Amino acid sequence: METTEKISIETQLVQEWESQFPVTGGGFFEQIRKEAIKRFEVLGVPDRKNEDWKYTNIRRVLNQGLTTKVNGTHPTKEDIANNLVPNLDANILVIANGKVDWGNSSVDSVEVKELTEGYSGNQDLFNKNFSKIAPTESNAMVALNTAFFNGVHINFKGESDKPLHVIHWMNAGAKTLVNTRTFISVEKSSSGEVIETFAAGGNTEGSVYNYVSEAVLAENANLHITKIQRETGGVHWLDNTSSSVERYAAFNTNTLTLNTDFARNDLNVSLDSESCEAHLYGVYLADDKQHIDNHSRIDHRFSNCQSNEHYKGVIGGKATAVFNGKVHVHRDAQKTNAFQENNNILLTDDATINSKPELEIYADDVKCSHGSTTGQLDDEALFYLRARGLSKEGATALLLNAFAEEVLDNIKNEELSNYLKALIEKRLGNLH
Amino acid sequence: MLEIKNLRVSIAGKEILKGLNLSVKAGEVHAIMGPNGSGKSTLASVLAGKEEYEIIEGEITYDGKDVLEMSPEERAREGVFLAFQYPIEIPGVTVTNFLKTAVAEVRKHRGLEPLQARDFLKLMKEKKELVEMDVNMANRAVNEGFSGGEKKKNEIFQMAMLEPKLAILDETDSGLDIDALKIVSNGVNKLKSPNNAFIVITHYQRLLDYIVPDVVHVLYQGRIVKSGTKELALELEEKGYDWIKKEVSEAAV
């Protein structure tokens, strides 16, 4: 007798994995994948009882018959051109539906290799870090990514002359799960700049982009990642980015979520030596029924490190945003400087922000602060500007732009900064 | 230029202006004095179009137009300017950027072409000198971290940039030392012309040593109870407001 019993999403994905990745030799990635799929099965897709997923119902997103079998198309030249930064000379790397689209890419001054190739030349680096910086053990979505990923190794050596612009393109068909991985290493006293644009086209209804990125910053290295999440149809974007930061190194991120129906961004920073720093900035602009969740965790493990985190949001319509930022100062992390701030402006009565700054301090000689504010646009400021001849709309736009753009102050790349300001201005112009 | 007739205004159910009449002609400077709580700042706010006030009765016409029907920005574009008693801080918006937008709006309304960047900067430089403003102030966020004096200078600077027909100075002298007071007054005097008018609201006579009024009004309990020449201001400085209060209460009996 045939049974029509509905199988769980976990069982279904494990079965898909078994058919795609029959373990043969037990090489580096095979072993990692095998352990990860087991871990995924044990953890299961979290529901809202899991504190980390309290406000974001990821189980509902996955529980709709997703498949990892991609049936999509590559971006056109125009799709790519629409997502480039004007006047910026950059290396372009296109990742289409989870796989590198070398035909549309042009990389000349950064080392970018498929992961298997990257591993063969950097075994020590991979053995020590790959899948160990990301929270594979505790996060089911990272474990799922690790079981299925396709991806690249990006290595920065020396002073980078131009940034690497990664375009994550999603057009993989409806209800498709894509698992993309990047592994970024910045060598000693080297610097790297990465721009990541997340964009989509075609039928994306109910699809999920489950992206995991790991970054290793060697001594005195500098890495600046700017993430841009734009108009993206029905894609659910998951981004879990983790970094390990060595002595004198600096890790910088700017995360802009501008017009995305669903985004969940996890950012984990481990300050793994003395005298290193992290600067995390973000802005999220949402309306309609959009859902934007930014989670971050910064671990201060050694002394004399510094972290700054500032996220700002403007939320309208019936949109929901979440900010959950944890700063964990470990016992040996004396002389820590850690500042965290989250500010929100709600444009409508139906807009929601769940803001949860968390500070856990186990060292006694530290300077730490955190704060969260939520309010409406300042009526007094609005009146002041109108009393000088600005229209209500013009004054509102000026105030909101100034509010949102503050988190771009750390971007030194002028072309990028101008581009991001223009994107923010455009989005604020139609936010309601 | 400005006619206020029997103006009655309340805020949060409390009547502040109780039948105020005022007539200002082009080329005139009117001083409005009066004790705390008499309604001076309410008058300034109502003229500029602040929305939380309720107009119970009365009318305000400016160049023949019904001011109460106009939004704050329409009033500004028509040439009404309020120098705020407490200028607002606008983080992230530089003075230059703010004024570029404001000047463009006002010029557009007057049917003038937008200023070229070079001409705008030239105008900025000229007007900055008028109020002896620190050159860097224009690159700072509007009023953010400004001292009391800098904020007031910035108001007069904006006034100079926008060239209003009717300027209302709401206690611009409060919090100013004597040097800043002279600079601010000097700025106002240089902007005076037969085509524009000023309403100077102040507690103290000393500002009127520098900005000489044509008419001095005493506002008390929501009405103008006495008007006179500049000598009235001196009399108030010397004798205080008690004799005015007494006159008003005797008249009421």
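Just so it is clear: chains get the letters A, B, ... in the order the sequence lines come, proteins before strands, and each one is counted from 1. Computed from a predicted model, the values in this text were never measured in an experiment.
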S.K.: Using a 4.5 angstrom heavy-atom cutoff, name the option from B/Gly92, B/Ala102, B/Pro87 with the most pairs to chain A.
M.R.: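 Of B/Gly92, B/Ala102, B/Pro87, B/Ala102 has the most heavy-atom pairs under 4.5 Å with chain A.
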
S.K.: Of the backbone (N, CA, C, O) and the side chain (C-beta and beyond), which part of B/Val106 lies under 4.5 Å from a heavy atom of chain A, both, or neither?
M.R.: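 Side chain of B/Val106 only, per the 4.5 Å heavy-atom cut-off to chain A.
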
S.K.: Non-hydrogen atoms of chain A under 4.5 Å away: do they reach the side chain of B/Val103, the backbone, both or neither?
M.R.: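 Neither part; nothing is under 4.5 Å.
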
S.K.: Identify the two heavy atoms, one from A/Phe383 and one from B/Gly49, that lie closest to each other, and give their separation to 0.1 Å.
M.R.: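 Residues A/Phe383 and B/Gly49, closest heavy atoms: CE1-C, 3.6 Å.
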
S.K.: Search all heavy atoms of B/Ala76 against all heavy atoms of A/Gly389 and return the closest pair with its distance.
M.R.: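 Nearest heavy atoms, B/Ala76 then A/Gly389: CB-N, 3.3 Å.
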
S.K.: Looking at every non-hydrogen atom in both residues, tell me the closest pair between A/Ala402 and B/Pro91 and how far apart they are.
M.R.: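 So the minimum-distance heavy-atom pair works out to CB-O, 3.6 Å.
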
S.K.: Identify the heavy atoms of B/Ile90 and A/Ala381 that sit nearest to each other, and give their distance.
M.R.: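 Taking B/Ile90 first and A/Ala381 second, the nearest heavy atoms are CD1-CB, 3.7 Å.
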
S.K.: Kindly provide each donor-acceptor pair between chain A and chain B shorter than 3.5 Å, listing atom names and distance.
M.R.:
| from | atom 1 | to | atom 2 | distance (Å) |
| --- | --- | --- | --- | --- |
| A/Glu380 | OE1 | B/Lys50 | NZ | 3.3 |
| A/Glu380 | OE2 | B/Lys50 | NZ | 3.3 |
| A/Tyr384 | OH | B/Asn143 | ND2 | 3.3 |
| A/Tyr384 | OH | B/Glu155 | OE2 | 2.3 |
| A/Tyr384 | OH | B/Gln158 | NE2 | 3.0 |
| A/Arg386 | NE | B/Glu73 | OE1 | 2.6 |
| A/Arg386 | NH1 | B/Glu51 | OE2 | 3.3 |
| A/Arg386 | NH2 | B/Glu73 | OE1 | 2.9 |
| A/Arg386 | NH2 | B/Glu73 | OE2 | 3.3 |
| A/Arg388 | NE | B/Gln158 | OE1 | 2.6 |
| A/Arg388 | NH1 | B/Leu82 | O | 2.9 |
| A/Arg388 | NH2 | B/Leu82 | O | 3.0 |
| A/Arg388 | NH2 | B/Glu155 | OE1 | 2.7 |
| A/Gly389 | O | B/Arg77 | NE | 2.9 |
| A/Gly389 | O | B/Arg77 | NH2 | 3.0 |
| A/Lys392 | N | B/Glu73 | OE2 | 3.3 |

S.K.: Does A/Asn430 have more than 12 heavy atoms from other residues, nucleotides or ligands lying within 6.0 Å of its CG?
M.R.: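 Above 12, so yes.
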
S.K.: Using the salt bridge (charged side-chain N to carboxylate O under 4.0 Å, His left out) criterion, which residues pair with A/Lys318? Sequence neighbours excluded.
M.R.: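 A/Lys318 satisfies salt bridge (charged side-chain N to carboxylate O under 4.0 Å, His left out) with no residue once adjacent residues are dropped.
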
S.K.: Kindly determine whether B/Phe98 and A/Leu390 satisfy side-chain contact (heavy atoms from CB on, under 4.5 Å), including the steps that lead there.
M.R.: CA-CA 9 Å; B/Phe98 163 46; A/Leu390 276 71; 4.2 Å; yes

S.K.: What do you reckon, is NZ of A/Lys426 surrounded by more than 12 foreign heavy atoms closer than 6.0 Å?
M.R.: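 Atom NZ in A/Lys426 is not packed in, count stays at 12 or less.
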
